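Encoded as structure tokens, the structure appears first; notes follow it.
Remember, predicted model here, so these are calculated numbers, not experimental data.
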Amino acid sequence: MEIMYTTELSKPGATVQPIAPQEDPELLAAFEARVAADEFIEPKDWMPEAYRKTLTRQISQHAHSEIVGMLPEGNWITRAPSLRRKAILLAKVQDEAGHGLYLYCAAETLGTSREEMIEALHSGKAKYSTIFNYPTLTWADIAAIGWLVDGAAIMNQVPLQRTSYGPYARAMVRVCKEESFHQRQGYEAMTELANGTPEQKRMAQDAFNRWWWPSLMMFGPPDENSPNTAQSLRWRIKRETNDELRQKFVDITVPQAEFLGLTVPDPELKWNEAKGGYDFGEIDWEEFYAVVRSEGPVARERITARREAWTQNAWVREAAAAHEAKRRSRAAA
Ligand code: 3HC
């Protein structure tokens, strides 16, 4: 299989325009010059308030996606078909927890506390990726998630290694390396199913049918309906648009599906020689917006699980805080 993912970033990004005239013009000009020169902005540097706000929004939503993403996979750990698969899945779910932690830390450097972010998630104010509001019905869904969902996540996150905010960019370097492992293990599990018994192959195709379109939705609304993209490109928070990344994902994934002998569930999918990529069918944007509004099949289940985990595990946070207080008072004595 030649076409796989790379953690290299290949594209420079858009030019910077003045966008926040209410800010001190000198500070703004210096900030914009630094962004234009591809310098990282660090936590103590001056930044426009709108930059801080949109970064906090994006990073915290990204963090929430990582930890909510543990739920659909976590419930398959005890049911994984072998010890090897169990160990891999356990490691993967732990990785996602780690990604959430790096990202919450990166968002905290912008001045919002972890508690505030978690509260926003639990109260429904903050979003998390639509993809995690779909159920995992069979073992093949876990393979499909690794292959497609982690594959889409890498496509989205590799450019974020060069996002303009230093702590976010640095967190992404490690996250991308781990996501790359996640994608490969998913593809390997899918390969085994696709080459297995007729029943296993049927399961693989069924999971592919159900996860294909939601994976394309992960990249967000089409560019013409994406309120944040233009500004985020100018600030070099985002380095590529939603549609550019979605197209790249389709182009890289279709040959992978062909290699597996699976059929992409899109009758309109067709290679377009002129554009050097695939044309694909219309995404059901009504479904996307409904799932963003938490009307997905398992949205309530996900948030209930998160809230319960927060309440039931309060003793862990309290014990850790008490331990830290004791350690500090001993160190001070
Ligand atoms: N799910 C939920 N909400 C989504 C969404 C999705 N798939 N795509 C877009 N939205 C929301 C946006 O958050 C925004 O709402 P807001 O203004 O209230 O925040 C609104 O829809 C309009 O979308 P925009 O395109 O204007 O928003 P952005 O410029 O922020 O782009 C994004 C959306 C591409 C998701 C971008 O925020 C991004 O790149 N985020 C970082 C990556 C990320 O969050 N990935 C989550 C994937 S899962 C994951 O990484 C876990 C891994 O283990 C698999």
Side-chain angles (χ1 to χ4, degrees), residues 1 3-10 40 55 58-77 80 82-109 114 117 121 128-132 134 136 139 141-163 165-192 211 214-215 218-219 237-240 245 248-249 252-253 256 302 306 309:
M1 185 85 237
I3 309 166
M4 272 292 168
Y5 293 86
T6 166
T7 53
E8 298 303 313
L9 176 70
S10 58
F40 285 126
L55 261 177
Q58 178 168 326
I59 304 173
S60 63
Q61 289 184 179
H62 191 167
H64 299 329
S65 302
E66 299 283 353
I67 61 162
V68 175
M70 296 166 71
L71 298 169
E73 292 183 297
N75 75 19
W76 273 94
I77 292 172
S82 67
L83 182 58
R84 176 172 172 265
R85 293 286 175 210
K86 218 181 273 286
I88 293 172
L89 187 57
L90 195 57
K92 178 179 191 288
V93 173
Q94 283 177 334
D95 283 352
E96 308 298 3
H99 298 174
L101 292 181
Y102 315 145
L103 287 161
Y104 283 124
C105 288
E108 280 186 306
T109 64
R114 178 101 51 103
M117 290 184 262
L121 171 67
Y128 59 87
S129 184
T130 43
I131 195 77
F132 301 119
Y134 292 86
T136 40
W139 170 252
D141 289 44
I142 298 303
I145 288 181
W147 171 32
L148 301 171
V149 175
D150 291 275
I154 301 172
M155 193 55 83
N156 171 281
Q157 291 167 15
V158 164
L160 294 176
Q161 293 175 109
R162 280 298 310 172
T163 188
Y165 189 55
Y168 191 21
R170 288 188 287 274
M172 278 304 114
V173 174
R174 179 160 174 182
V175 169
C176 285
K177 289 199 192 321
E178 292 176 349
E179 296 291 11
S180 180
F181 153 74
H182 297 169
Q183 192 274 346
R184 279 158 197 255
Q185 67 79 35
Y187 193 71
E188 192 251 353
M190 207 63 178
T191 309
E192 214 166 285
W211 289 91
S215 299
M218 281 175 72
F219 295 94
I237 292 172
K238 281 168 88 161
R239 307 300 305 243
E240 297 187 56
L245 292 170
K248 281 192 181 178
F249 176 74
I252 210 168
T253 310
Q256 293 173 358
R302 298 282 182 253
R306 279 295 320 154

Going by heavy atoms in the side chains, are [X] and [Y] under 4.5 Å from each other?
| X | Y | value |
| --- | --- | --- |
| Met190 | Gln256 | no |
| Met172 | Pro159 | no |
| Arg85 | Ser82 | yes |
| Leu121 | Tyr128 | yes |
| Asp95 | His182 | yes |
| Gln58 | Leu55 | no |
| Leu160 | Asn156 | yes |
| Gln161 | Arg239 | no |

Exercise for the section: Answer yes or no: is there a donor N or O on one side and an acceptor on the other, between the side chain of Tyr168 and the main chain of Ala107, under 3.5 Å? Expected result: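 Not confirmed, Tyr168 side chain does not pair with Ala107 backbone.
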Handout entry: Any donor-acceptor N/O pair, Trp76 side chain to Thr136 backbone, under 3.5 Å
Key =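 Indeed, once roles are kept as given, a pair shorter than 3.5 Å links the two residues.
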Exercise for the section: Taking the six-membered ring for Trp and the full ring for Phe, Tyr or His, determine whether the centres of Tyr165 and Phe40 are under 6.0 Å apart. Expected result: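 So the answer is no for these two rings.
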Between [X] and [Y], what is the shortest heavy-atom contact and its length?
| X | Y | value |
| --- | --- | --- |
| Ala144 | Trp211 | CB-CD1, 4.1 Å |
| Phe132 | Ser65 | CE1-O, 3.3 Å |
| Ser129 | Met218 | OG-CG, 4.0 Å |
| Gly151 | Gln183 | CA-CG, 3.6 Å |
| Pro72 | Ile142 | O-CD1, 4.0 Å |
| Ile154 | Ser180 | CD1-CA, 3.5 Å |

Practice task
Look up atom CD in Glu179 and atom CZ in Arg184, then write down how far apart they are to the nearest 0.5 Å.
Solution key: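 That separation rounds to 13.0 Å.
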Exercise for the section: Would you give the length of the straight line joining atom CG of Asn75 to atom CG of Leu71, rounded to the nearest 0.5 angstrom? Expected result: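 That separation rounds to 8.0 Å.
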Exercise for the section: Using side chain to side chain donor-acceptor pair (under 3.5 Å) as the criterion, list what pairs up with Gln157, not counting sequence neighbours. Expected result: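 Gln157 satisfies side chain to side chain donor-acceptor pair (under 3.5 Å) with His62 only.
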Practice task
Decide if atom CZ of Arg114 counts as having more than 12 heavy atoms of other residues, nucleotides or ligands within a radius under 6.0 Å.
Solution key: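 More than 12 within 6.0 Å, yes.
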Handout entry: Verdict with reasoning, Lys238 to Thr163, per side chain to side chain contact (heavy atoms under 4.5 Å, CB included)
Key = CA-CA 6 Å; Lys238 281 168 88 161; Thr163 188; over 6 Å; no
Exercise for the section: Assess the side chains of His64 and Gln61: does a donor N or O sit below 3.5 Å from an acceptor N or O? Expected result: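 No, because no side-chain N or O of His64 sits under 3.5 Å from a partner of the opposite role on Gln61.
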Problem - Check ion pair Glu73-Lys86 (N to O, under 4.0 angstrom) - result: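 Here Glu73 does not pair with Lys86 in a salt bridge, since their nearest N and O are not under 4.0 Å apart.
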Handout entry: Result of checking Met155, Glu178, Glu96 against Asp150 for side-chain contact (heavy atoms from CB on, under 4.5 Å)
Key =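 Exactly one pass, corresponding to Glu96.
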Exercise for the section: With side chain to side chain contact (heavy atoms under 4.5 Å, CB included) as the test, would you mind laying out the steps for Ile88 and Phe181 before giving the verdict? Expected result: CA-CA 10 Å; Ile88 293 172; Phe181 153 74; 4.2 Å; yes
Exercise for the section: Just do the side chain to side chain contact (heavy atoms under 4.5 Å, CB included) check on Gln94 and Met70 with the steps written out, would you? Expected result: CA-CA 8 Å; Gln94 283 177 334; Met70 296 166 71; over 6 Å; no
Exercise for the section: Applying side-chain contact (heavy atoms from CB on, under 4.5 Å), name anything that partners Ala63, two or more places apart in sequence or on another chain. Expected result: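 Ala63: side-chain contact (heavy atoms from CB on, under 4.5 Å) contacts with Leu103, Tyr104.
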